[in-house]
Structure formats: C-alpha cells, structure tokens
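Accompanying notes for the structure given below.
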Amino acid sequence: MNSICANPAPRLWLVRHARPLVAPGICYGRLDMQADAQSTADAAQALHLALPADCLLAHSPLRRCRQLAQALQALRPGLASAMDSRLLEMDFGEWEGQPWDALDRSAIDAWAADLAGHAPGRGESLATMLRRVDEALQQASRGSVGDGAARDTVWITHAGVARCVQWLMREGSALPQAGQWTLPAPDFGGWLVLDLPLPR
C-alpha cells in the first residue's frame with residue numbers, strides 16, 4: 001500500500017522498483033535483473049499521478065530501478081534524473097543469486113549475531129550501507145532547499161534503502177541489532193513518503 005504523510009514539503013519519496021524477474025526464494029541485492037514491464041508501466045503511471053509537479057529524481061543504477069525512472073520520464077518530459085550508486089541495494093557477495101534455503105545456516109546465524117558489522121556473503125555490511133545511505137540522505141536534505149524553494153526528492157530504489165532511511169531518521173548513528181531490524185518497506189512499485197530531515 002502506498003503511504004503519504006500529511007506534512008507538505010520538503011519530502012522524500014522512497015519508491016521501490018516493480019517486481020523483478022527472478023525466481024522466488026533467490027537471494028538478490030546487487031544481482032542485476034529486469035523488472036516486469038507491465039508492472040513497471042503501472043507503477044510509473046501511479047507515481048506520475050501522485051508526484052508534485054516539481055521534484056528532484058534520483059535512482060539506483062540497477063536495471064529494475066532504471067526501468068521505472070525511464071518510464072516515469074516518458075510520462076514527464078523534461079524531468080531529469082541522476083543515477084546514484086548510494087541508492088543500491090545491499091551487496092550480498094557470494095550469496096547473490098543463490099536460493100536462501102541453500103545457504104549455510106551457520107553463515108546466516110553469524111550475520112544475525114552481528115547484523116550491523118557482519119558482511120553477508122563477504123559482500124557489504126549493514127553499517128557500511130547505512131553510512132552511504134546517510135550521505136545521500138544528507139545531500140537530499142540540503143538539495144531540497146538549496147535554491148530557496150522546497151522541492152520533494154524522489155528516490156527509485158530498493159527495500160533495503162527504504163529501511164535504512166527509516167532507521168537513520170529514527171535512530172541516527174546508532175547501529176541496529178537483528179531484533180530491531182523490523183522496519184517496513186514499500187511493496188514492489190509502491191512508495192513511502194517521509195519528511196526530509198533538516199541537514200546536519
């Protein structure tokens with residue numbers, strides 16, 4: 001379900017890509033694949049109708065996010081977008097493309113025991129991901145009012161980034177334990193809208 005906060009602006013729209021073309025139960029973060037074309041078109045149309053006239057758009061470099069950004073731009077000629085690697089999903093390293101139920105249980109337990117510091121599959125730790133997302137969030141906060149007029153910022157990104165933003169807004173620089181990482185994420189093709197924090 002799409003969720004919109006009442007406070008007008010500046011706001012951050014955390015938009016999740018449409019459903020990816022990947023088999024159920026597969027671990028994917030940086031794994032690059034296309035999203036369903038019709039679902040992408042439907043998401044772009046809904047987003048086009050919901051967004052304010054003037055906004056700033058950035059997207060993850062992965063194809064499933066680029067697709068949605070391009071579909072939205074086709075509906076809004078003149079809308080510029082920036083590709084931002086800080087909006088990438090977590091890198092699961094050697095786990096990418098593997099069925100979750102085929103992964104070594106002890107490796108998953110090691111990650112759960114140190115959710116923030118452990119790099120799953122020798123990829124990227126959550127602490128590292130939080131730092132890069134926080135950098136992008138602070139830049140968005142400054143840019144939304146940089147010209148004196150408040151503008152909404154739109155990120156076409158991933159579930160993990162949406163969770164990171166919510167954690168950073170709520171907990172700042174604190175690092176989460178496994179039991180605390182229960183933040184919601186938008187559905188495929190959906191979004192969450194939050195007030196941008198004041199720049200630090």
Side-chain angles (χ1 to χ4, degrees), residues 1-3 12-48 50 57-75 81-112 115-116 118-133 136 154-167 176 178 181-193:
M1 177 178 293
N2 300 330
S3 172
L12 176 63
W13 296 64
L14 295 167
V15 182
R16 190 177 181 187
H17 56 81
R19 184 173 298 280
L21 299 177
V22 63
I26 296 297
C27 173
Y28 66 93
R30 297 288 178 88
L31 191 65
D32 204 7
M33 80 286 285
Q34 291 186 345
D36 178 78
Q38 186 59 57
S39 298
T40 297
D42 292 345
Q45 180 66 31
L47 189 58
H48 167 59
L57 174 63
H59 61 87
S60 159
L62 296 181
R63 278 184 289 177
R64 52 194 187 269
C65 293
R66 292 202 317 268
Q67 276 180 264
L68 183 50
Q70 290 164 358
L72 179 62
Q73 287 177 294
L75 297 170
S81 69
M83 189 164 61
D84 192 337
S85 61
R86 296 172 299 185
L87 306 186
L88 282 162
E89 185 58 283
M90 177 178 277
D91 182 359
F92 288 99
E94 297 169 353
W95 293 5
E96 296 280 357
Q98 303 298 314
W100 280 105
D101 59 11
L103 297 176
D104 184 347
R105 185 70 239 179
S106 64
I108 295 176
D109 290 343
W111 182 32
L115 183 72
H118 187 82
R122 294 201 283 265
E124 177 184 36
S125 71
L126 180 55
T128 300
M129 184 176 183
L130 282 164
R131 282 194 295 272
R132 65 171 163 86
V133 173
V154 182
W155 286 0
I156 297 179
T157 185
H158 308 271
V161 172
R163 292 187 175 102
C164 283
V165 169
Q166 292 173 82
W167 178 267
W181 199 246
T182 57
L183 300 159
D187 295 333
F188 291 120
W191 57 82
L192 175 68
V193 184

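Excluded from the calculations below are hydrogen atoms, water molecules and symmetry mates; all remaining heavy atoms, backbone and side chain alike, are included.
At least one donor-acceptor pair closer than 3.5 Å links the side chain of E96 to the backbone N or O of G29. Not a single donor-acceptor pair under 3.5 Å links the side chain of Q67 to the backbone N or O of Q34.
Distance SG/C65 to CZ/R16: 10.0 Å, rounded to 0.5 Å. Note that CH2 of W155 is 12.0 Å distant from CG of L192, once rounded to the nearest 0.5 Å. In this structure, CG on L72 lies 5.5 Å from CD1 on I156, to the nearest 0.5 angstrom. Separating the CZ atom in R66 from the OG atom in S81 is a distance of 10.5 Å, to the nearest 0.5 Å. Here CD of E94 is found 4.0 Å from CZ of R122. Values are rounded to the nearest 0.5 Å.
The side chain to side chain contact (heavy atoms under 4.5 Å, CB included) test applied to P61 returns M83, S85, L88, not counting sequence neighbours. The ring-ring contact (aromatic ring centres under 6.0 Å, His included) check on H59 picks up nothing, with sequence neighbours excluded. Taking H118 as the reference, A110, W111, D114 meet the side chain to side chain contact (heavy atoms under 4.5 Å, CB included) condition, with sequence neighbours excluded. When the side chain to side chain contact (heavy atoms under 4.5 Å, CB included) test is applied to D109, the partners found at least two apart in sequence or on another chain are R105. Under the side chain to side chain contact (heavy atoms under 4.5 Å, CB included) criterion, A43 pairs with L68, not counting sequence neighbours.
Annotation: side chain of W167 is not in contact with side chain of V133 (no heavy-atom distance under 4.5 Å). Side chains of H158 and L62 form a contact here, defined as non-hydrogen atoms less than 4.5 Å apart. When side chains are defined from C-beta on, P176 counts as touching L130, because their heavy atoms get closer than 4.5 Å. The closest side-chain heavy-atom distance from C164 to L126 is below 4.5 Å. Two residues are said to be in side-chain contact when any heavy atoms from C-beta on lie closer than 4.5 Å; T40 and R64 fail this criterion. Inter-residue side-chain proximity for H17 and S60 is flagged as unmet; no heavy-atom pair is nearer than 4.5 Å. F188 has its side chain out of reach of S39: every pair of non-hydrogen atoms, C-beta onward, lies at least 4.5 Å apart.
Between F92 and W100, the ring planes are perpendicular. Angles over 60° get that label, and only those under 30° would be called parallel.
The salt bridge (charged side-chain N to carboxylate O under 4.0 Å, His left out) pairs that include a residue from residues 24-46 are R30-E124, D32-R63, where partners are two or more places apart or lie in different chains.
Enclosure of atom CZ in R132 by more than 12 non-hydrogen atoms of other residues, nucleotides or ligands within 6.0 angstrom is indicated.
For the pair S125 and A116, the tightest heavy-atom approach, listed with the atom from each and the gap, is CB-O, 3.4 Å. Nearest approach of P120 to W95, heavy atoms of both residues: CB-CZ3, 3.5 Å. Across all non-hydrogen atoms, the minimal contact from E89 to G160 is OE2-N, 3.0 Å.
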